[in-house]
Novice: 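Dumping the structure here so I can ask a few things about it.
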Amino acid sequence: MRFSRDGLTLKTVDKYEKISELARRRGFFWPSYEIYGGVSGFINWGPLGSIMKRKIEDKFRNEFLHKLGLYELESPIITPERVFIASGHVKSFKEPMVECTNCKKRFRADHLLQEYAKMSSQETDRLQLNEIQACIEKNGVKCPECGGNFGQPEYFLTMFKTAIGPYSDAVGYGRPEAAQGIFVEFKRLYEQTREKLPIGFATIGHALRNEISPRQGPIRLREFTIIDLEFFIDPEHPECPYLENVENEVLRLLLTKDRVKGENQIIEVSVKEAVSKKYIMTEWQAYFMALSKRFIIEIGVPEDKQRFIEKFAWERAHYSVQGFDQEVYLDRWGWTEVSGFNYRTDYDLKGHMQESGVDMTVFKPYKIKKVVKELVVKPIHSEMGPVFKEETSKVIGLLLKADPKKLQNALKDQGFCMLENFKILPNYVSFIEKKTEESGRKFIPHVIEPSFGSDRLAYVALEYAYSERKGRTVLNFPLDIVPLQLAVLPLVNKDGLPEKAKNLCALLAKEGFSVEYDNGGSIGRRYARFDEIGTPLCITVDYQTIENETVTIRDRESWKQVRAKIDDLPKLLHDFFQNKLTFSNLGSPIKS
RNA sequence: GCGGCUGUAGUCUAGUUUGGUCUAGGACGUCAGCCUGCCACGCUGGUGACCCGGGUUCAAAUCCCGGCAGCCGCACCA
């Protein structure tokens, strides 16, 4: 707590404030373009932050791509308009807004019509701006705040628009999600990866959303790193063979059936149960949610600070038929979305198929060729000709279009059948069982999409690593996301200790560790500095090093020290960072 | 976008009410050096700021207007 400038209000210094101060000072993240006054919604990830963020992204690559044999695609940010016409974004990624001419409050026009004119969202979605205005006037919708009249409705498009090349009619947009890059290239990717299903492709890259009012630091940005994983399945075989690996993992769910009753009761169910009770529609979606829970635990968030919230239809994106947001509890903002899991069905591939005319179906051969028995109508021309004369060919056309089964039944049951005005008698037709062979089937794969906000993950990792001890800040990052692994410090700046330490530093760098040498200030000050950026181990070269080639290793978490031989360091440290050894196994304890 | 509050070195802040030794003070940090045999010790020195642009005035950190940014509320958030 501290007093604000006016001296009257007590201002709480929350974790976000402490973290942003640290992040700016030490180089994790800070607002962009500050020397020109700053622009909200844009941040930089600095020397330490960019490493940490990249390590989180690498962790995603390990957990979701390498272990499952999935692939990555890097695609452009600037996207031609037709892609977002096909994907529905040009139509849906904007909101009609109206402003009250009296009190200046702004509202979503479609929400007003749904509430006060009792229109459905399907109806309001189809309306043009002038039709919206007409509907508002016809239904006498007034400002719910002050009863005032509304001005002209206007669209706010949340995609950044640009012109591609010098011709302004070549409209392009900054992508608001990376997913479309994958859908557009699906056919080629599918072939390149040898036509397997299920298969998944991920893109880790920047996305742009022109947010109306982004005011939450790294949590809501106009330009941010998105991690989109598009996982393609055969809708007729939606089962996930790995489900048993996670079936006992407990998920904390907040379901729409409870939310609709106004209850915020989180239910804890195993993955197995969530699937069998149909809380989660598809097995793969449940599987990814379980993986993601573990992933978020491993970047430092305990499971009771996580939950999955099922989204209502009106909260979901236009392409989603079931969606869960994974939320993490943050000190300032409460439950905050870090990832989303959407069942996108064949919505996107179908859209691109229609817009581009390119076939996006996949062909799956049957194990055994399928013999399809089909009942076929064979008109008997010689019987029909004399009866229908010049209309014979028309009647034959009708017969071929009719359902053979129904026709056969009708003829059998009532002895005749009417097709338009023509009376068909049993002797006009014969029925045969035709056998055709099908070697496989064509279909559009369905998509399960886990999607993460990389910037949010990095912020979340910072917040959960943050701790204070004896008035100092310590970032207790998990070992695999630390920006700096090791520091090598001479105990004092004389008697050859700095030289010895520099050599050791070079040796460890050669071994592949990220390591820094520091001789500034007292040893205690240096330990504090490295605690503050989350460096797990400090290696100190002291007088005993000169005597017997041993060094002390000091632990960020416990502030304890052990002593180990320099020769053993590479192996010990590799094992430590791979979580094969704990700190106390690194050497013999030093009493302090 | 709207309304309220706010904007001084990397951070926290003094100064703003009442314009004038403010050449903007301090603390922490940081850098150089000394010191230092293990947890932000001490000493010397350096570094570094009035958010941006206009206006009023002999004179603006201070008063006025606009912009930008931050916080809170409303709205928005696929």
Side-chain angles (χ1 to χ4, degrees), chain A residues 2-6 8-9 11-14 16-18 20-27 30-42 87-89 92-95 97-100 103-108 111 144-145 154 156 158-159 176-177 179 207 209-217 219-222 226 311 314-320 323 325 332 336-337 340 342 344 449 451 469-474 489-495 497 519-532 538 540-545 552 554-556 559-561 563 590 592:
Chain A
R2 67 155 192 259
F3 287 94
S4 63
R5 187 164 287 269
D6 60 17
L8 295 173
T9 50
K11 199 177 168 188
T12 310
V13 179
D14 62 14
Y16 170 69
E17 230 167 306
K18 291 175 178 175
S20 353
E21 188 271 314
L22 171 69
R24 180 196 302 257
R25 191 160 45 76
R26 299 307 306 268
W30 65 94
S32 296
Y33 311 117
E34 277 189 310
I35 68 164
Y36 292 107
V39 186
S40 67
F42 300 91
S87 71
H89 284 81
S92 303
F93 215 77
K94 64 183 177 186
E95 311 298 349
M97 308 272 292
V98 284
E99 187 176 297
C100 171
C103 68
K104 304 292 177 199
K105 287 231 158 54
R106 288 165 69 95
F107 301 90
R108 288 267 300 267
H111 288 180
E145 287 291 315
E154 281 176 13
F156 183 77
T158 31
M159 286 196 290
E177 58 167 5
R209 293 180 188 179
N210 203 359
E211 299 284 354
I212 296 170
S213 175
R215 284 194 295 197
Q216 296 163 22
I219 300 300
R220 260 182 75 208
L221 296 168
R222 290 189 165 118
I226 200 165
K311 308 305 277 186
W314 58 88
E315 295 173 324
R316 288 197 300 265
H318 57 278
Y319 47 70
S320 171
D325 279 356
R332 173 177 287 212
T336 304
E337 177 190 356
N342 282 294
R344 297 180 76 134
E449 177 200 63
S451 172
R469 182 167 179 183
K470 296 189 178 164
R472 299 182 189 176
T473 300
V474 182
L489 319 168
L491 183 62
V492 292
N493 282 310
K494 58 185 183 187
D495 304 325
L497 265 48
N519 65 348
S522 70
I523 190 73
R525 176 189 293 265
R526 282 175 273 164
Y527 288 150
R529 269 203 287 257
F530 288 105
D531 282 345
E532 198 182 42
C538 288
T540 302
V541 169
D542 58 17
Y543 285 98
Q544 212 173 317
T545 311
T552 69
R554 182 263 188 192
D555 176 39
R556 169 194 77 187
W559 296 4
K560 287 188 177 140
Q561 282 177 290
R563 184 168 282 278
I590 297 173
S592 48

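Just so it is clear, the structure is predicted and the values come from calculations on it, not from any experiment. Order of the sequence lines sets the chain letters (A, B, ...), proteins ahead of strands, with each chain counted from 1.
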Novice: Can you tell which of B:C38, B:G37, B:G3 lies closest to the side chain of A:Lys494?
Specialist: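 Nearest listed nucleotide: B:G37.
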
Novice: Measuring only the C1' atom in each nucleotide, how far is B:C5 from B:G20? A whole number of Å is fine.
Specialist: 30 Å

Novice: First locate atom CG of A:Asn342, then atom OG of A:Ser451, and finally report the distance between them rounded to the nearest 0.5 Å.
Specialist: 8.0 Å

Novice: Any Lys/Arg nitrogen of A:Glu177 or A:Arg209 sitting under 4.0 Å from an Asp/Glu carboxylate oxygen of the other?
Specialist: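 No, this pair does not count.
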
Novice: Roughly how many Å apart are B:G15 and B:G7, using the C1' atom of each and rounding to a whole number?
Specialist: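 Taking atom C1' in both B:G7 and B:G15, they lie 15 Å apart.
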
Novice: If you look at every strand shown and take non-hydrogen atoms under 4.0 Å, does A:Ser320 touch a base, only sugar-phosphate, or nothing?
Specialist: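 Result for A:Ser320 = nothing.
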
Novice: Enumerate the protein-to-nucleotides 66-68 of chain B contacts in which both atoms are nitrogen or oxygen and the separation is below 3.5 Å.
Specialist:
unit_1, atom_1, unit_2, atom_2, d
B:C68, O2', A:Gly37, O, 3.0
B:C68, O2', A:Gly38, O, 3.2

Novice: Please check the phosphate of B:C72 (OP1 and OP2 only) for any side-chain N or O of A:Arg332 closer than 4.0 Å.
Specialist: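 Indeed, a polar side-chain atom of A:Arg332 lies that close.
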
Novice: Specify the separation, in whole Å, of atom CZ of A:Arg215 and atom C1' of B:G4.
Specialist: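 A:Arg215 atom CZ is separated from B:G4 atom C1' by 11 Å.
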
Novice: Is the A:His89 ring parallel, tilted or perpendicular to the A:Tyr319 ring (thresholds 30°, 60°)?
Specialist: tilted

Novice: Hey, what do you get for OH (A:Tyr527) to OG1 (A:Thr540), rounding to the nearest 0.5 Å?
Specialist: 2.5 Å

Novice: At 4.0 Å (heavy atoms only), tell me whether A:Asn342 reaches a base, stays on the sugar-phosphate, or touches nothing.
Specialist: nothing

Novice: Could you tell me the Watson-Crick or G-U partner of B:U11, where both distances fall under 3.5 Å? Say none if there is no partner.
Specialist: B:A27

Novice: What is the pairing partner of B:C2, taking Watson-Crick or G-U wobble pairs with both distances under 3.5 Å in any strand?
Specialist: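 B:G73 - that is the nucleotide pairing with B:C2, both distances being under 3.5 Å.
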
Novice: Which nucleotide, in any strand shown, forms a Watson-Crick or G-U wobble pair with B:U21, with both distances under 3.5 Å?
Specialist: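 The answer is none; no pair meets the criterion.
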
Novice: Kindly check if the number of other-residue, nucleotide or ligand heavy atoms within 6.0 Å of OH (A:Tyr543) is above 12?
Specialist: yes

Novice: A:Arg220 CZ to B:G70 P: how many Å, rounded?
Specialist: 12 Å

Novice: Just how far is it from atom CZ of A:Arg525 to atom CG of A:Leu489, taken to the nearest 0.5 Å?
Specialist: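 Reported value, rounded in 0.5 Å steps: 13.5 Å.
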
Novice: Can you check the distance between B:G19 and B:U57, where both ends of the measurement are the P atom (answer in whole Å)?
Specialist: 16 Å

Novice: Could you check which nucleotide pairs with B:C35 in any of the strands shown, counting Watson-Crick or G-U wobble with both distances under 3.5 Å?
Specialist: none

Novice: Please examine the side chains of A:Glu21 and A:Tyr16, heavy atoms only from C-beta on, and report whether any two atoms are closer than 4.5 Å.
Specialist: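 They are not in contact (no side-chain heavy atoms under 4.5 Å apart), so the answer is no.
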
Novice: Of A:Lys18, A:Arg26, A:Arg469, which meets salt bridge (charged side-chain N to carboxylate O under 4.0 Å, His left out) against A:Glu532?
Specialist: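 So, applying the salt bridge (charged side-chain N to carboxylate O under 4.0 Å, His left out) to A:Glu532 and each of A:Lys18, A:Arg26, A:Arg469, only A:Arg26 qualifies.
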
Novice: In Watson-Crick or G-U wobble terms, both distances under 3.5 Å, what is the partner of B:A49?
Specialist: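 Pair assignment: B:A49 / none.
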
Novice: With a 4.0 Å cut-off, would you call A:Glu211 and A:Arg220 a salt bridge?
Specialist: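 Between A:Arg220 and A:Glu211 there is a salt bridge, with a charged N closer than 4.0 Å to a carboxylate O.
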
Novice: Counting Watson-Crick and G-U wobble pairs only, both distances under 3.5 Å, name the nucleotide matched with B:U62, or none.
Specialist: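 Here B:U62 is not engaged in any pair, so there is no nucleotide opposite it.
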
Novice: So which protein N/O to nucleotides 39-42 of chain B N/O distances come out below 3.5 Å?
Specialist:
unit_1, atom_1, unit_2, atom_2, d
B:C39, O3', A:Arg472, NH2, 2.8
B:C39, O2', A:Arg472, NH2, 2.9
B:C39, O2, A:Arg472, NH1, 2.9
B:C39, O2, A:Arg472, NH2, 3.3
B:C39, O2, A:Arg554, NH2, 3.1
B:C39, N3, A:Arg554, NE, 3.0
B:C39, N3, A:Arg554, NH2, 3.0
B:C39, N4, A:Arg554, NE, 3.2
B:C39, N4, A:Trp559, O, 2.6
B:C41, OP1, A:Arg525, NH2, 3.1
B:C41, OP2, A:Ser522, OG, 2.6

Novice: Base, sugar-phosphate alone, or nothing: which one does A:Glu315 contact when heavy atoms must sit under 4.0 Å apart?
Specialist: sugar-phosphate

Novice: Looking only at non-hydrogen atoms, find the nearest pair between A:Gly41 and A:Pro214 and report the distance.
Specialist: CA-CG, 3.8 Å

Novice: Write down the distance separating the P atoms in B:A60 and B:G54, rounded off to the nearest Å.
Specialist: 13 Å

Novice: Can you tell which of A:Arg554, A:Arg556, A:Arg526 makes a side-chain hydrogen bond (donor to acceptor under 3.5 Å, both in side chains) with A:Asp531?
Specialist: A:Arg554

Novice: Could you please name the option among B:U11, B:G37, B:G1 that lies closest to any side-chain atom of A:Glu21?
Specialist: B:U11

Novice: Which value, in whole Å, describes the distance between the P atoms of nucleotides B:A40 and B:G29?
Specialist: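 After rounding to an integer number of Å, I get 11 Å for this pair.
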
Novice: Which whole number of Å gives the distance between the P atom of B:G70 and that of B:U11?
Specialist: 15 Å

Novice: I want to confirm an ordering. Mapping A:Pro214 and A:Tyr543 to their closest nucleotides on RNA chain B, which one lands closer to the 5' end?
Specialist: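 Between the two, 5'-proximity favours A:Tyr543.
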
Novice: Name the residue closer to the 5' end of RNA chain B, choosing between A:Gly41 and A:Met159 according to the nucleotide with the nearest heavy atom.
Specialist: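 With A:Gly41 and A:Met159 compared, the 5'-side residue is A:Gly41.
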
Novice: For the pair made of NZ in A:Lys18 and C1' in B:C12, what is the distance, rounded to whole Å?
Specialist: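 In whole Å, B:C12 C1' lies 14 Å from A:Lys18 NZ.
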
Novice: Expressed in whole Å, how much space separates the P atoms belonging to B:C22 and B:A32?
Specialist: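 Nearest-Å result for B:C22 against B:A32 at atom P: 33 Å.
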
Novice: Looking only at atom P, what distance separates B:U56 and B:U16, rounded to whole Å?
Specialist: 25 Å

